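Positions are given from 1, in the same order as the sequence printed here. In this text the structure is predicted, and so the values were computed from the model without any measurement. Just so it is clear, the values below take in all heavy atoms, side chains as well, and ignore hydrogens, waters and symmetry mates.
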Amino acid sequence: MSQVTRNQPLGTPTWIDLAVVDLEGAKAFYGAVFGWDFTAGDTGDGGAECLLRGLPVAGLRRVTDRADTHGSWTVHLATDDCDSTARRVAAAGGGVLAAPHDVGALGRAALAVDPTGARFGLWQGRTHPGCRLVNEPGALVRNDLVTADPGSARTFYTTVFDFTLDGNEDLPGSDFTFLRRPDGHEIGGILGLDTTPAPVWATTFEVADTDATVARARSAGGTSTAPEDTPYGRFATLTDPYGTDFSVIAR
């Protein structure tokens, strides 16, 4: 368990949110799966914050066009200067889809895309540092980039966020590298996968019991792969009733 009380170092996954057309339906599904409570957000988008023990662990953003939902959670990487990092994104060959802008008193945000086509956000917290709980059941535990062009991705993220790269001996035969901050802390990884339908920052939540979580998700209208044991825990990939993929793991 980790409780977050301040802004995270550059490049750390610090917030996740999901664009949804059916806000009440999404709340019902994710509440059933993770036991989240919800409160109306104060960002002006008509969405809600997802709460675990009263602390925000994710956000739901209401959109009117299903094409804006993108089929995945959006990870926001921490920065202490959103404008400067957005410029680094552009200089390294990425794109800035939404220019840095204030989100009330909460912080400053931008939306970007890497050279392989994967979307991610930037978050410079003010009163809102991001996910207040991580690395415990019901909260974010991991983000990994899945792309058919891992070489370009590695060059981009090391350039923009000063990451270093490590191989992974636990997954022989996989094209996987760990991403580490300059202080050595692992923030995620890059998986090269030729068969991926689209590049994406995949989101994984920790759970206490993968099989029980899968059963709850299916009962609430979602689908799932069969749970499987991995070197890191029991893992499954779920799809919510609206087509959003995410993963869960019991460590």
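Hydrophobic clustering, defined by side-chain heavy atoms of Ile, Leu, Val, Met, Phe, Trp and Tyr closer than 4.5 Å, leaves L51 isolated from every other such residue.
Among pairs with a residue in residues 210-230, none fulfils ring pair (Phe, Tyr, Trp, His ring centres under 6.0 Å), at least two apart in sequence or across chains. Within the structure, no pair that satisfies the ring pair (Phe, Tyr, Trp, His ring centres under 6.0 Å) test touches residues 79-117, not counting sequence neighbours. The ring pair (Phe, Tyr, Trp, His ring centres under 6.0 Å) pairs that include a residue from residues 211-233 number zero, where partners must be two or more places apart or lie in different chains. Here ring pair (Phe, Tyr, Trp, His ring centres under 6.0 Å) pairs that include residues 132-159, with residues two or more places apart or in two chains, are F120-Y157, Y157-W201.
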Stepwise, does the side chain to side chain contact (heavy atoms under 4.5 Å, CB included) test hold for L133 with V4?
CA-CA 6 Å; L133 293 172; V4 178; over 6 Å; no
Mind running side chain to side chain contact (heavy atoms under 4.5 Å, CB included) on L238 and V214 for me, showing each step along the way?
CA-CA 7 Å; L238 285 64; V214 165; 4.2 Å; yes
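A distance of 11.5 Å separates CG of D162 from CG of D183, quoted to the nearest 0.5 Å. With rounding to the nearest 0.5 Å, the separation of OG in S247 from CD in E206 is 13.5 Å. Once rounded to the nearest 0.5 Å, the distance linking CG of L193 with CG of L145 reads 11.0 Å.
D240 pairs by the side-chain contact (heavy atoms from CB on, under 4.5 Å) definition with L18, F29, Y30, Y242, T244, F246, not counting sequence neighbours.
Between F176 and F178, the angle of the ring planes goes over 60°, which puts this pair in the perpendicular group of the 30/60° scheme.
Between L122 and P100, the closest side-chain pair of non-hydrogen atoms is not below 4.5 Å.
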